[in-house]
**Student:** 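Supplied in structure tokens, the structure appears directly below.
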Amino acid sequence: MDNKRVANMVHELADMMELQGENSFKVGAYRKAARAIENSRVALHELEKGPIELNGVGKGTAAVIQEILDTGQLQMLQELKAELPPELPPLLKIPGLGPKTVHTLYQSLGVTGLNELETVIEEGKVKQLPGFGPKKEKNIAEGIRKMKERPERYLLVDAYKVAEIIQARLRECPHVLRVELGGSLRRMKETVKDIDVVVATEHPKEVASVLKKMPEVADVINDGDRKVSLQVEMEIPIQVDVRFVLPHQFITTLHHFTGSKEHNVRVRRRAKTFGWKVSEYGIFDPETEEEHPFETEKDLYDRLDLPFIAPEMREDQGEFDRDEKDLPKLLTNEDYQGDLHMHTRWSDGTASVKEMALTAQKRGYRYIAITDHSQSLKVAGGLTAEDLKKQREEINAVNEELSGITVLAGVEMDILPNGQLDFPDEVLKELDWVIASVHTAFQQDEDTITKRMLQAMENPYVHMIAHPTGRLLNRREPYRVDMDRVFQCAKETGTILECNSNPYRLDLNDAYLRRAKEEGITIAINTDAHSPQGMELIRYGIGTARRGWLEAKDVLNTWPLEKVLSRLQAKKEGTLS
DNA sequence: GCCGTTTTCGGCCCGACTGTTTTCAGTCG
């Protein structure tokens, strides 16, 4: 049983207990454990001392997890389900509905699921309950509608488009002194639920009124002196929370609303050891009432005698356990030297080799690789060996014409369903850079798909595996592949693994990247651009890599071209150390 | 249920907003 399924059962247990009115700290403890399981880079059954190794998992939860691993079931959960309708927990997903309300609806009106809830709302029974009223009933109905029609989480790229428009408008507003994006957006999580914005201003009412008047506002969800929440309909329909603070509070508030929640809990605990109190408005000394304002987040961490921790690392995934010299110096956009996965009109791209090279040059890159699809991928106009030779001539011409940038001749070659590669070695060895990918037969079993990938990696002319798990966020699960074996083989053969920056892919993801780094596997971050604009998506790959704690040295694309080429040569010759 | 520079008990982040109340409970992040 994989971590995700175990985590889901523990979450379900927490939901059930919460609905029963169980102690909220106990419920929280199970939730924290479930998150630790989800985020663990190691499969539960591979932990040496068992689940208790995970932060937030103690004796009790460890026993619960062990029972799930051993039997696939959980006695305690079965018993709770016998006492409470099993369709109750999903109601907690309705925005505005918490455990107390759900429990009341169940006790007083016999609501056991979504259908009954909709019925009692229609019958007007909800507003008659003590503590309820017409507005509450209307809000619940609204919450149900929202839950049904909106995905739970949006792609980072879509949320960014909305966030940056709002940020730009706020910057034009005369009362706004500072404005930054926070939340999981700032931490570059692959998907986000809402957009958090922090604004420094002396006139929150005026700024709020500018926001509320935006034509895209579909609904004002919250409207207070310090905060407004808006439902906007732009690139995507999404909730935007804006916090207003005084300028001297800006840094602590930004830090607070950057999160993660788990990271903040640790920061607060840390402050407590100095006898200080932390809120979003600052760090205070309760004895002297003294307040510590900060110019930068680095000052804030300094104050707590901690090294600066980048937003992408603020997940309570071990960032507090490192002192300054052991904390990774995350790679930056400036470190990035060249994109090694892109398509042109030769296959399914929209631009020429030269157009792609010019765009890369403008971005300050030193090199790129043209990697069109191979012959068997007919839907994408895959190239034959003959086409590749002709394309090489065009690439040579571009290299002669342009200075300061080198275009490598590459290919994104299909790994065929039977495990064979789409080109023989004689073709591959003529190319500067060979990517192998799985684009077909996703439904194969784990062993078959894994072997396809291992076979490709063992070929000395294959340099990199693209988007290794094949997942598409919100669209397609990863194919069944044994990533332990893939990592092992990548290590042994010196094959590079990709972090694909396409916002639907971000594949490898943050957790796999961190594991790859620990295993000493080289990563390449590429956009898989099918147009010049596609190269802009690199920020999401770099953001994901930063979440995976990657440093410049871990990433092929930060190296000078000579070093890249000698690395590829070494794989070919099998001379990697 | 978890945890420990307050260490095996007693806390566990804490403030904003809404809708119901008429001083507060519930939800959210």
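Numbered from 1 within each chain, the chains take letters A, B, ... in sequence-line order. Note that this is a predicted model, so its numbers are computed, not measured.
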**Student:** Taking OP1 and OP2 of B/dT27, is either one under 4.0 Å from a side-chain nitrogen or oxygen of A/Thr101?
**Tutor:**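 Yes, because at least one side-chain N or O of A/Thr101 sits under 4.0 Å from OP1 or OP2 of B/dT27.
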
**Student:** Tell me which nucleotide among B/dT27, B/dC13, B/dG15 gets nearest to the side chain of A/Lys100.
**Tutor:** B/dT27

**Student:** Indicate yes or no for a side-chain donor-acceptor contact from A/Asn39 to the backbone of A/Ala36 under 3.5 Å, with no hydrogens or angles considered.
**Tutor:** no

**Student:** What is the distance, to the nearest angstrom, from the CZ atom on A/Arg226 to the P atom on B/dC17?
**Tutor:** 7 Å

**Student:** Please determine if a side-chain N or O atom of A/Asn139 lies less than 4.0 Å away from the OP1 or OP2 oxygen of B/dT18.
**Tutor:**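 For B/dT18, neither OP1 nor OP2 has a side-chain N or O of A/Asn139 closer than 4.0 Å.
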
**Student:** How long is the line joining CD of A/Glu53 and C1' of B/dC3, in whole Å?
**Tutor:**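 Roughly 18 Å, once rounded to whole Å.
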
**Student:** Send over the distance from A/Lys261 NZ to B/dT27 C1', rounded to a whole Å.
**Tutor:**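 So the NZ-C1' distance, A/Lys261 to B/dT27, works out to 12 Å.
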
**Student:** Between A/Phe257 and A/Arg186, is there a cation-pi geometry (under 6.0 Å to ring centre, at most 45° from the normal)?
**Tutor:** no

**Student:** Please tell me which of A/Ser279 and A/Pro134 maps to the more 5' nucleotide of DNA chain B, matching each residue to the nucleotide holding its nearest heavy atom.
**Tutor:** A/Ser279

**Student:** Under 4.0 Å between a side-chain N or O of A/Lys32 and OP1 or OP2 of B/dC3?
**Tutor:** no

**Student:** Quick one: are A/Leu506 and A/Arg471 in side-chain contact, heavy atoms under 4.5 Å?
**Tutor:** yes

**Student:** When you compare B/dG19 with B/dC12, how far apart are their C1' atoms, in angstrom units rounded to a whole number?
**Tutor:** 28 Å

**Student:** Using the P atom in both, what is the distance from B/dT6 to B/dC2, to the nearest Å?
**Tutor:**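 Result for the P pair: 22 Å, nearest Å.
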
**Student:** A/Lys227 NZ to B/dT27 P: how many Å, rounded?
**Tutor:**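 Taking NZ of A/Lys227 and P of B/dT27, I get 15 Å after rounding.
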
**Student:** Would you indicate what A/Pro130 reaches in the nucleic acid, counting non-hydrogen atoms under 4.0 angstrom: base, sugar-phosphate, or nothing?
**Tutor:** nothing

**Student:** Start at the 5' end of DNA chain B and walk down; is the nucleotide closest to A/Pro99 or to A/Gly131 reached first?
**Tutor:**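 Per heavy-atom nearest nucleotide, the more 5' residue is A/Gly131.
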
**Student:** Measure from CZ on A/Arg270 to P on B/dC13 and round the result to the nearest Å.
**Tutor:**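 Answer to the nearest Å: 17 Å.
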
**Student:** For A/Lys272, answer base if it contacts any base atom (sugar-phosphate contacts may also be present), sugar-phosphate if it contacts only those atoms, and nothing otherwise; contact means non-hydrogen atoms under 4.0 Å.
**Tutor:** base

**Student:** Picking from B/dG19, B/dC14, B/dG1, which would you name as closest to the side chain of A/Tyr30?
**Tutor:** B/dG1

**Student:** Among B/dT18, B/dT20, B/dC2, which is the nearest nucleotide to the side chain of A/Ala29?
**Tutor:**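 Among the listed nucleotides, the one closest to the side chain of A/Ala29 is B/dC2.
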
**Student:** In whole angstroms, how far is the C1' atom of B/dT18 from the CG atom of A/Asp225?
**Tutor:**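 After rounding, the gap between these two atoms is 14 Å.
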
**Student:** So, does A/Tyr281 get its side chain near the phosphate of B/dA16, meaning an N or O under 4.0 Å from OP1 or OP2?
**Tutor:** yes

**Student:** Look at all strands and tell whether A/Val267 reaches a base, only sugar-phosphate, or nothing, counting heavy atoms closer than 4.0 Å.
**Tutor:** nothing

**Student:** Is A/Glu498 reaching over with its side chain to a backbone N or O of A/Ile525, donor-acceptor style, under 3.5 angstrom?
**Tutor:** no

**Student:** Please state how far atom CE in A/Met76 lies from atom P in B/dG1, giving the value in whole angstrom units.
**Tutor:**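 The distance from CE of A/Met76 to P of B/dG1 comes to 7 Å, rounded to the nearest Å.
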
**Student:** Within the 4.0 Å heavy-atom criterion, would you say A/Lys193 contacts the bases, only the backbone, or no part of the nucleic acid?
**Tutor:**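 Sugar-phosphate, backbone atoms only, no base.
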
**Student:** State yes or no: are the ring centers of A/His263 and A/Phe320 separated by less than 6.0 Å?
**Tutor:** yes

**Student:** What nucleotide among B/dC14, B/dG1, B/dT20 has an atom nearest to a side-chain atom of A/Lys135?
**Tutor:**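 Output: B/dT20.
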
**Student:** Nearest to the A/Asn55 side chain among B/dC3, B/dG29, B/dG15, which nucleotide is it?
**Tutor:** B/dC3

**Student:** Expressed in whole Å, how much space separates the C1' atoms belonging to B/dC13 and B/dG29?
**Tutor:** 11 Å

**Student:** What distance, rounded to whole Å, do you find between the two P atoms, one in B/dC9 and one in B/dG15?
**Tutor:** 30 Å

**Student:** Touch check for A/Val27, heavy atoms < 4.0 angstrom, all strands: base, sugar-phosphate only, or nothing?
**Tutor:** nothing

**Student:** Output the rounded distance in Å from CZ (A/Arg243) to C1' (B/dG15).
**Tutor:**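 Result: 7 Å.
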
**Student:** Using the P atom as the reference point in each nucleotide, state the distance between B/dC14 and B/dT22 in Å, no decimals.
**Tutor:**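 It comes out at 30 Å once rounded to the nearest Å.
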
**Student:** Please say whether the positively charged group of A/Lys136, taken as NZ for Lys or CZ for Arg, lies over the ring of A/Phe132, i.e. under 6.0 angstrom from the six-membered ring centre and within 45 degrees of the axis.
**Tutor:** yes

**Student:** Give me the distance, rounded to whole Å, that separates B/dG26 from B/dT21 when you measure between the P atoms they each carry.
**Tutor:** 13 Å

**Student:** Determine the interatomic distance between P on B/dC17 and the same-named atom on B/dG10; round to the nearest Å.
**Tutor:**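 Result for the P pair: 36 Å, nearest Å.
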
**Student:** Which base, if any, makes a Watson-Crick or G-U wobble pair with B/dC2, both distances under 3.5 Å?
**Tutor:** B/dG11

**Student:** Can you tell which of B/dT6, B/dC13, B/dC2 lies closest to the side chain of A/Arg268?
**Tutor:** B/dC13

**Student:** For the side chain of A/Val265, starting at C-beta, report the closest nucleotide among B/dG1, B/dC3, B/dC13.
**Tutor:** B/dC13

**Student:** Please check if the distance between the ring centroids of A/Tyr281 and A/His256 is under 6.0 Å.
**Tutor:**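 Not under 6.0 Å, so no.
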
**Student:** Base, sugar-phosphate alone, or nothing: which one does A/Asn222 contact when heavy atoms must sit under 4.0 Å apart?
**Tutor:** sugar-phosphate

**Student:** Determine, for A/Arg35 against A/Glu38, whether the closest basic-nitrogen to carboxylate-oxygen distance falls under 4.0 angstrom.
**Tutor:**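 Salt bridge flag = no for A/Glu38 with A/Arg35.
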
